Structure formats: C-alpha cells, structure tokens
**Student:** 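Please find one structure pasted underneath; my questions will follow.
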Amino acid sequence: MRDIITEIWQTARRNKLRTTLTGFAVAWGIFMLVVLLGAGNGLINANLKQNENWLSNSMEVWGGRTSKAYQGLKEGRRVKLQTTDLAMTESDFKNHIDEVGARYETSATISYGDEYISTTISGVYPVHTKINKHDMLYGRFINELDMREKRKVLVLSNKQAKELEPRDYSTLLGKYVKVGDFAFKVIGIYKDREEGQAEAYSSYAAIKGIYGANTDEVGSLEYTFHGLTTEKANEDFEQEYRRRLNANHQVHPEDERAFWIFNGYTMSLQMEQGIAIIRTALWIVGLFTLLSGIVGVSNIMLITVKERTHEFGIRKAIGAKPWSILKLIIIESVIITTFFGYVGMVLGVAANEYMDATIGHETIDTGLFKATMFLNPTVGLDVCFEATMVMVIAGTIAGLIPAYKASRIRPIEALRAD
C-alpha cells in the first residue's frame, strides 16, 4: 500500500495542473453545497425563531375600514370592535374558541424618580402571554386576580426598565412608578425581542377603566382555538366569524376589509410551505453544483487513463495483472477526491462560521419593526460528510469505468497508443 501511495504522489507531482484541476472541481462542488445549505438554513432558522414567539392556534382581530357601501352607508367608514363583539366571540363560538381576551392600547409617560419614558401601554388579558409569548426575566405577567381586582400593575421590557433605573433595573421589581397621574406597581420585566417597538403591559380592566371607561370600544380581540386542523376549516371559520362581525356593525357580509384577522395557524402553514420550497430549491441548486464537480472529476479521470495507456501497456508487458492496474486508478481517485473533498468541506464550514459571526443574529429595521433575517447560517456535519462521500463515490466510479477498459487492453495495443 505504501508503494501505491508513493507512486500516486509521484504521478500527482508530474501532473500538477491535472491534479489541481481535479481537486478544484471536487473542493468547489462540496464548498458551494455547504455554503448554499448554510445560507438557506440561516434564512429558515430566522423565520422559525420568529414563529416561536406566537401561538399557532390563535387569532387576533382588529377593526379597519369598509370597502363596500351597505344599507345606505358609504364605503371607507371606520369600524371599531365593541363590547358586543367580545361577548359574541365568547358565547357563540364555543365549539372552537377556548380563551378570549382583548387588548386596549394607549400612549403614556412612565416616570420613576428623575427618569421617564414615553411608550405604549397595552391593557391585556392573561391569555395574551400564551398567544404572544414573552421571556420573563423577573417577576410575572398579568394574571386573573389582576383582572378581577382591576389592579394597577405594570410589566416592562428590560430596555424600558433600564431607562427608568440605569444602575440595576432588576431592583425596579415591586416598586411603584407613575403612569400619568396614577401609581402602578411593577410586577414583571420581560426580555425585549428587538422585533418591533417595546411596549409595557397592564391589566385590561385597569387600562380600559382609566382610559376607555366612557366608550364601548374594546380595542382588538385575541383568542386561542382548537379543532381547526386544516386550511379549509380555518377559512370556513374565518368567513363565518367575519360575517357575524359585519352583521354587528351594518357592514356588507362579503366585505373583508372592515375587520382584519390574523390567523396564526394559516400563517404557520404558509410558512412551512415556504420553508419546504426553499429547502427543495437549495438542494436542487446544491446538487447541480455537486454534479458539476462530478462531471469535472469524470472528465479528468478519463483524460488521465487515456494519457497513461502507454504506461499500462508496459506494466502488463512485464507481468502486471489487470487488477493491479484497476486498483491503482481506483485508489488514486479515492485519495484525490477524499482529500480535496475534505478541503472543500472545511472551507465551506469556515465560510458558514464567518457568516454566523458577521451577519448572523443581525436585525433589519423595516421602519415598523425590527426583524432577524439571518440566524445560525450553518449546516450539520452529517450533511457535510454525506456530500463528501457522494463526491468520493462519484469520483471512484468515474475512475473505475475507464480503468476497467484500460486493464483489459492488450499490451501490444497499449504500447502502440500515442
């Protein structure tokens, strides 16, 4: 075996250009496959991470503007959700809806000592944290007791808390801060997601009682549901629910702009379909890139065998068996593809790590919210090794076919070859 490796090394040194081209074809195919899959995984992971922040079997509803004239009323009329809509949602759709909540937003100034911030405060039900998940750093979120007793409590983001108490924002827990002319107790601090403007939370009963006591408006609705396991079932439910809302506000039954419904389940289905398409596209492009490397290796191995036909004739003339010639070419093909395939794999992994260190976890400010567009752009080592093994096997087969022909040629014909 040592003699074979030595001979292969000498052959490679005599044909540096040929060996370099073969190696480049192998390394480039592996490198591009690993980088493409890594970049695609970065986009997919960012979307999956954002999906983890909200419950898939949930819906959020808020008012809009009518797009059709109806019963003497013109289009473009502003429509807002009322307490009757909240009651209808709780009572008439029990077959599918589990927990119902509402969200009432207001702008306010929160002050603590000499520090203050201007922000949005959302009065919410306890179900809100199930639908829009928050990572609590200290304390707790709004609970049922806060709602029943209309407690003036407050949940802040860590950035908001740090602005109010720069030295150690965790000490703000349990303290009272001023919200306008009212004192609110800080009961929790959650981790800011960097995706959108941070807001403070309080109990719906308290915020509605202070800022919306004289109106029947409820803000927006949010609820969890069960039993809607297909896209068709969700569409049918939304259509019936929208029809009932429209009827409550003298809106055309087919007007789809009077109320906006965000359905987490259908969004999740669409996201899964999009991710599946991206994965398929990446693999198709990656495999074609790998195929170009395989074609390159095959062509070079054919040329290699043709150039060495005279050499094989001499070997057979002095007693070499066909198997020894076959083994020599196969081992040469395996060594070259394995070495350069490993080089391509290492460079691809290094490129992915570089992407992760530079643009991974970065957020893009869209003007309305911040979104993580690239997260952990890496690919598993199992995929890297599998791609390398595909190239090795392909390179071996590429060398095997011409090697088999060369091993069966008669010595006199091989010696006559140019």
Side-chain angles (χ1 to χ4, degrees), residues 47-68 70 79-105 122-134 141-148 196 201 203-205 207-208 212 216-276:
N47 284 291
L48 291 176
K49 182 65 177 177
Q50 292 179 17
N51 288 348
E52 293 175 359
N53 294 329
W54 42 267
L55 186 68
S56 60
N57 59 317
S58 65
M59 294 189 191
E60 298 181 33
V61 187
W62 58 95
R65 291 186 181 275
T66 59
S67 61
K68 296 182 179 181
Y70 186 64
V79 183
K80 297 181 180 180
L81 291 164
Q82 307 288 329
T83 52
T84 53
D85 301 316
L86 176 60
M88 179 203 70
T89 303
E90 291 178 324
S91 61
D92 296 357
F93 291 90
K94 290 182 178 179
N95 290 339
H96 294 295
I97 293 179
D98 298 319
E99 296 183 66
V100 181
R103 181 173 179 168
Y104 196 90
E105 295 183 353
S122 293
V124 296
Y125 280 62
V127 70
H128 177 80
T129 192
K130 295 181 181 179
I131 296 173
N132 290 280
K133 302 173 186 177
H134 295 286
F141 202 74
I142 309 301
N143 61 26
E144 293 291 346
L145 194 58
D146 297 325
M147 286 288 296
R148 286 198 302 268
Y201 295 97
S203 68
Y204 180 86
I207 296 300
K208 183 68 167 61
D216 287 334
E217 296 175 13
V218 298
S220 60
L221 298 177
E222 51 189 10
Y223 50 83
T224 61
F225 62 85
H226 68 277
L228 305 176
T229 56
T230 64
E231 193 168 357
K232 178 66 166 56
N234 279 269
E235 289 177 358
D236 292 343
F237 175 86
E238 286 183 36
Q239 185 176 3
E240 174 61 20
Y241 183 70
R242 193 189 302 277
R243 187 186 65 80
R244 293 291 301 278
L245 287 176
N246 289 357
N248 287 348
H249 295 266
Q250 291 182 288
V251 175
H252 194 286
E254 297 179 1
D255 193 334
E256 296 185 354
R257 295 189 178 181
F259 295 98
W260 296 98
I261 300 176
F262 175 83
N263 189 329
Y265 187 83
T266 54
M267 286 296 294
S268 180
L269 287 178
Q270 292 171 5
M271 186 69 70
E272 289 177 2
Q273 293 172 359
I275 288 174

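Because the structure is predicted, anything quoted here is derived from the model rather than measured. The first residue of the sequence shown is numbered 1, and numbering continues consecutively from there.
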**Student:** Taking salt bridge (Lys or Arg N to Asp or Glu O under 4.0 Å) as the cut-off, I'd like each qualifying pair that reaches into residues 255-268, sequence neighbours left out, listed once.
**Tutor:**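 Found none.
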
**Student:** Applying salt bridge (Lys or Arg N to Asp or Glu O under 4.0 Å), can you list everything that pairs with K68, at least two apart in sequence or on another chain?
**Tutor:**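 Expected list: E254.
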
**Student:** Residues in side-chain contact (heavy atoms from CB on, under 4.5 Å) with T129, at least two apart?
**Tutor:**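 Applying side-chain contact (heavy atoms from CB on, under 4.5 Å) to T129 gives H134, F141.
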
**Student:** Can you list everything that forms a ring pair (Phe, Tyr, Trp, His ring centres under 6.0 Å) with F225? Sequence neighbours excluded, please.
**Tutor:**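 For F225, no residue satisfies ring pair (Phe, Tyr, Trp, His ring centres under 6.0 Å) once neighbours in sequence are set aside.
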
**Student:** How would you list, by chain and number, every residue that makes a side-chain contact (heavy atoms from CB on, under 4.5 Å) with L269, sequence neighbours excluded?
**Tutor:**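 Once residues adjacent in sequence are excluded, the partners of L269 under the side-chain contact (heavy atoms from CB on, under 4.5 Å) criterion are E231, Y265, E272.
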
**Student:** Going by side-chain contact (heavy atoms from CB on, under 4.5 Å), name the residues that satisfy it together with S220, two or more places apart in sequence or in a different chain.
**Tutor:**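 Here the qualifying residues are W62, R103.
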
**Student:** Any pair with a residue in residues 89-99 that passes salt bridge (Lys or Arg N to Asp or Glu O under 4.0 Å), sequence neighbours left out, goes on the list, sorted by first then second residue, please.
**Tutor:**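 Every pair satisfying salt bridge (Lys or Arg N to Asp or Glu O under 4.0 Å) with a residue in residues 89-99: D92-R244, E99-K130.
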
**Student:** Show me the pairs that pass side chain to side chain donor-acceptor pair (under 3.5 Å) and involve residues 233-242, at least two apart or across chains.
**Tutor:**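 Qualifying pairs, neighbours excluded: T89-Y241, K232-D236, N234-N263, E238-N263, E240-R243.
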
**Student:** Going by the rule side-chain contact (heavy atoms from CB on, under 4.5 Å), which residues pair with H96 if we only count those two or more places apart in sequence or in a different chain?
**Tutor:**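 Result, side-chain contact (heavy atoms from CB on, under 4.5 Å) vs H96: L228, F237.
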
**Student:** Report yes if the side chains of L86 and L81 come closer than 4.5 Å at any heavy-atom pair, otherwise no.
**Tutor:**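 Contact flag for L86/L81 side chains = no.
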
**Student:** Shortest non-hydrogen contact from H249 to F259?
**Tutor:**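 H249 and F259 have their closest heavy atoms at CD2-CZ, 3.4 Å.
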
**Student:** By side-chain hydrogen bond (donor to acceptor under 3.5 Å, both in side chains), which residues pair with Q250, not counting sequence neighbours?
**Tutor:**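 So Q250 forms a side-chain hydrogen bond (donor to acceptor under 3.5 Å, both in side chains) with Q71.
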
